[in-house]
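These notes concern the structure reproduced below.
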Amino acid sequence: MNSRFTRKNHSIDSLAALLLFAMYVMLFGAGNYQASVKSLDTNNNLYTAASYITTKFRQHDIPGMTSLTELQGTQVLCFQEAIEGKDYCTYIYFDGSHLKELFTASDSRADLSMGTNLAQLQDFQIDALENTFYRITLTDTDGHCSSFLLHPGVPA
């Protein structure tokens, strides 16, 4: 009878140890999952913003169609284009928490409050450099920074 009792006791001890291990793995896995999701969000905001801006530069690779200006007290990157004989401008700018875009007719009064959110950021800087290069610097909400140079076409 003692051997049966010992086997049952041993089985319960093994089961308890296995359950504790499984709970540890689940808790550890949940923490890793949360960290991974947060990292993906961080990388996604920087990647989304950088990809979007790079794509706009490539779409507007004609010299003189890209400019850095100020609108309503905000520094904006303007991509000009003509569609069916009418001039338009796509403004890319930072409103304090989001990178935004506003597409509007060039002859209309642009209202930056009407822009569409592209990515949540902590900071967005544009610097016009020599030879029509632009330095774009993006900082996400966790303080991660990405900086790159873009050039909108080859001067004539």
Side-chain angles (χ1 to χ4, degrees), residues 17-156:
L18 184 62
L19 286 173
L20 283 173
F21 178 73
M23 287 176 45
Y24 172 77
V25 168
M26 286 176 36
L27 290 173
F28 182 74
N32 280 344
Y33 176 76
Q34 288 176 337
S36 295
V37 168
K38 184 172 181 165
S39 176
L40 286 174
D41 285 345
T42 293
N43 291 337
N44 190 40
N45 276 335
L46 286 177
Y47 177 77
T48 298
S51 294
Y52 190 83
I53 294 166
T54 301
T55 299
K56 283 296 181 188
F57 267 85
R58 289 183 179 149
Q59 290 173 344
H60 299 86
D61 63 355
I62 299 168
M65 300 304 284
T66 302
S67 61
L68 184 58
T69 188
E70 189 172 304
L71 185 63
Q72 297 175 345
T74 300
Q75 185 182 38
V76 297
L77 194 54
C78 176
F79 298 99
Q80 299 172 350
E81 62 189 294
I83 301 173
E84 296 181 5
K86 187 161 175 139
D87 292 330
Y88 293 90
C89 187
T90 300
Y91 296 105
I92 306 291
Y93 56 98
F94 184 64
D95 79 344
S97 64
H98 287 90
L99 182 67
K100 289 190 167 190
E101 172 196 65
L102 176 65
F103 177 78
T104 186
S106 293
D107 59 357
S108 69
R109 282 187 64 181
D111 183 357
L112 296 182
S113 68
M114 302 297 288
T116 302
N117 291 346
L118 300 174
Q120 187 172 8
L121 298 173
Q122 181 178 320
D123 195 20
F124 170 65
Q125 298 292 322
I126 314 162
D127 297 308
L129 306 176
E130 292 181 25
N131 299 322
T132 66
F133 276 92
Y134 292 88
R135 178 185 299 122
I136 310 295
T137 304
L138 308 165
T139 307
D140 70 11
T141 55
D142 290 328
H144 299 104
C145 187
S146 177
S147 186
F148 49 97
L149 296 176
L150 292 173
H151 188 275
V154 179

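Since this is a predicted model, take the numbers as computed values, not measurements.
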Approximate separation, where rounding is to 0.5 Å, of [X] [atom1] and [Y] [atom2]:
X      : Y      : atom1 : atom2 : answer
Ile92  : Phe94  : CD1   : CZ    : 13.5 Å
Leu138 : His144 : CG    : NE2   : 13.5 Å
Met65  : Cys89  : CE    : SG    : 9.0 Å
Thr139 : Asn45  : OG1   : CG    : 12.0 Å
Leu149 : Asn131 : CG    : CG    : 11.5 Å

What residues, two or more places apart in sequence or in another chain, satisfy side chain to side chain donor-acceptor pair (under 3.5 Å) together with Asp95?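 Counting only residues at least two positions away or on another chain, Asp95 forms a side chain to side chain donor-acceptor pair (under 3.5 Å) with Lys100.
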
Return the set of residues passing side chain to side chain donor-acceptor pair (under 3.5 Å) with Ser106 (not counting sequence neighbours), or none when no residue passes.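 Here no residue qualifies.
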
Test: salt bridge (Lys or Arg N to Asp or Glu O under 4.0 Å). Region: residues 46-57. Which pairs qualify, not counting sequence neighbours?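 Residue pairs with at least one partner in residues 46-57: Lys56-Glu101.
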
Leu150 and side chain to side chain contact (heavy atoms under 4.5 Å, CB included): which partner among Ile53, Thr132, Leu77, Thr66?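 When side chain to side chain contact (heavy atoms under 4.5 Å, CB included) is applied between Leu150 and each of Ile53, Thr132, Leu77, Thr66, only Ile53 qualifies.
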
Would you mind listing every ring-ring contact (aromatic ring centres under 6.0 Å, His included) that reaches into residues 64-86, with sequence neighbours excluded?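 For residues 64-86: Phe57-Phe79, His60-Phe79.
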
Within the distance-only criterion (no hydrogens, no angle test), does the side chain of Tyr93 pair as donor or acceptor with the backbone N or O of Leu112 below 3.5 angstrom?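 Such a contact is found between Tyr93 side chain and Leu112 backbone.
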
Residues in side chain to side chain contact (heavy atoms under 4.5 Å, CB included) with Ala110, at least two apart?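 Applying side chain to side chain contact (heavy atoms under 4.5 Å, CB included) to Ala110 gives Leu71, Tyr91, Leu102, Thr104.
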
Please tell me if the side chains of Ile62 and Gln80 come closer than 4.5 Å, counting only heavy atoms from C-beta onward.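 No - every pair of side-chain heavy atoms lies 4.5 Å or more apart.
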
In a table with atom names and distances, give each donor-acceptor pair under 3.5 Å that connects a side chain of residues 115-130 to protein atoms at least two apart or in another chain.
residue	atom	partner	partner atom	Å
Asp123	OD1	Gln125	NE2	3.0
Asp123	OD2	Gln125	NE2	3.3

